[in-house]
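Every number for a ligand or one of its atoms is a count from 1 in the order of the listing. Numbers here simply count residues along the sequence, with the first being 1.
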Amino acid sequence: MKTYQQDFLDFAIGQGVLRFGEFTLKSGRISPYFFNAGLFQTGSALSRLGKFYAQAIVDSGVEFDMLFGPAYKGIPLAAATAIALYEHHGKDYPYAFNRKEAKDHGEGGTIVGAPLQGRVLVIDDVMTAGTAIRESANMVAAHGAKLASVAISLDRQERGTGEKSAVQEVETLYGISVISIVGLNEVINHVGSHLQDATLLANVQAYRNQYGI
Ligand code: OMP
C-alpha cells in the first residue's frame, strides 16, 4: 500500500466518512462497511480530498482534456480535484457538472461549466455495481465526448453481473482504466494492520468472500 493510500484511509476514518457497522447498499447487499463521501464537509476536508484525487490521477498517467462531476456527489469532488490539479500539479483543466433536471430558461441545458467535449475524466465517489458510472458514461457519449477514465475514492471490488468486478466490467465495456484512491484490499489491509480489530477484519473478509472477486 502506498503512503498516500494509508493517509487517505486514516483521513476517511477520522472524518467519519469510512465507517464500520451494518449498512444496506444500493444493491441491497448488507455490508460491514460504508464510505459516505458526503461527510467530507469542511473546507479543509475538501481541500485534502482534492489532493488525494489529484495524486491518484497524476500517478495513473491517464491523459484527458477535462473533468466531469456527476450530480450530486460528484460536483464538489470534481471541483476540489480541479483546484488540486492546478494548485499542486500546475495543470489547469476545464471542469463541468450536470443538473439533475434540465433547465428550460436562462442558459438552458443540463451541463454547467465547460462544454462537455474531448477526453473526459469522470470524478465520482464509490463504485459497487457500476450503475452510477454507466449513467455518467451515457451522458459523456450523448455529448459526443469520449470517456477517458473514471476516478473514484473507493473501489469496493465487488462482483458485477458475472465473475469479474464491476470496475473490471466497466473497464472492458468502455476500454478505460478506472483510477481509485483505495480499494477493498487496502481497507482490509488497514483494518488488519492499523485498527487491529480481529472481529471487524473477519466480517469484512467474510463480506469479500461472499460478494468480492
Ligand atoms: P453503484 O452505482 O452500484 O456502483 O454504487 C455506487 C453508489 O452507491 C455510490 O455512488 C453511492 O451512492 C452508493 N454507495 C456509497 O456511497 N458508499 C458505499 O460504500 C456503498 C455504496 C452503495 O450503495 O453501494
- Task: Assess whether side-chain contact (heavy atoms from CB on, under 4.5 Å) is satisfied between Ser153 and Leu49, documenting all intermediate values.
- Result: CA-CA 9 Å; Ser153 287; Leu49 179 62; 4.2 Å; yes
- Sub-4.0 Å protein heavy atom next to atom 13 (C) of ligand 1: no
- N or O contact, Ala129 vs ligand 1, cut-off under 3.5 Å: yes
- Query: Is Leu154 close to ligand 1, meaning an N/O of one under 3.5 Å from an N/O of the other?
  - Reply: no
- Message: Using a plain distance cutoff, I'd like to know if Ala132 has any nitrogen or oxygen under 3.5 Å from a nitrogen or oxygen of ligand 1.
- Response: yes
- Message: As a check for students: among Lys26, Lys73, Arg156, identify the option with a heavy atom nearest to atom 19 (O) of ligand 1.
- Response: Arg156
- Query: Is Gly130 close to ligand 1, meaning an N/O of one under 3.5 Å from an N/O of the other?
  - Reply: yes
- Task: Answer yes or no for Asn36: is there a heavy-atom contact with ligand 1 below 4.0 Å?
- Result: no
- What protein heavy atom sits nearest atom 21 (C) of ligand 1, and how far off is it? Phe34 CE1, 3.6 Å
- With under 30° as parallel and over 60° as perpendicular, where do the rings of Phe8 and Phe40 fit, or are they tilted in between? tilted
- Going through the checks in order, is the side-chain contact (heavy atoms from CB on, under 4.5 Å) test met by Leu154 and Tyr33? CA-CA 12 Å; Leu154 172 67; Tyr33 75 104; 3.8 Å; yes
- Item | Region of Arg29 that comes within reach of ligand 1 [heavy atoms, distance under 4.0 Å] | neither
- Around atom 16 (O) of ligand 1, find the nearest protein heavy atom and jot down its residue, atom name and distance. Phe35 O, 3.3 Å
- Task: Please indicate whether Tyr86 has more than 12 foreign heavy atoms, meaning atoms of other residues, nucleotides or ligands, lying under 6.0 Å from its OH.
- Result: no
- Task: Evaluate the side-chain proximity of Ile123 to Ile57: yes if any heavy-atom separation is below 4.5 Å, no if none is.
- Result: yes
- What is the closest protein heavy atom to atom 6 (C) of ligand 1, and at what distance does it sit? Val126 O, 3.3 Å
- Message: Run Ile13 and Phe20 through side-chain contact (heavy atoms from CB on, under 4.5 Å) and show every step you take.
- Response: CA-CA 9 Å; Ile13 292 170; Phe20 300 97; 4.2 Å; yes
- Message: So if I count the atoms of ligand 1 from 1 in the order they appear, which ones are less than 4.0 Å from some heavy atom of Met127?
- Response: 4 (O)
- Task: Check whether the side chains of His190 and Gln6 place a donor and an acceptor atom closer than 3.5 Å, and report yes or no.
- Result: yes
- Item | Min N/O separation Thr128 to ligand 1 under 3.5 Å | yes
- Looking only at distance, does Asp125 have an N or O less than 3.5 Å from an N or O of ligand 1? yes
- Item | Expected output: side-chain Ser31 to main-chain Phe34 donor-acceptor under 3.5 Å | no
- Message: Can you see whether Tyr211 has Arg156 sitting over its ring - NZ or CZ less than 6.0 Å from the centre and within 45° of the normal?
- Response: no
- If we only count N/O pairs under 3.5 Å, is Tyr33 in contact with ligand 1? no
- Got a salt bridge between Lys164 and Glu171, using NZ or NE/NH1/NH2 to carboxylate O under 4.0 Å? no
- Sub-4.0 Å heavy-atom contact, Arg134 with ligand 1: no
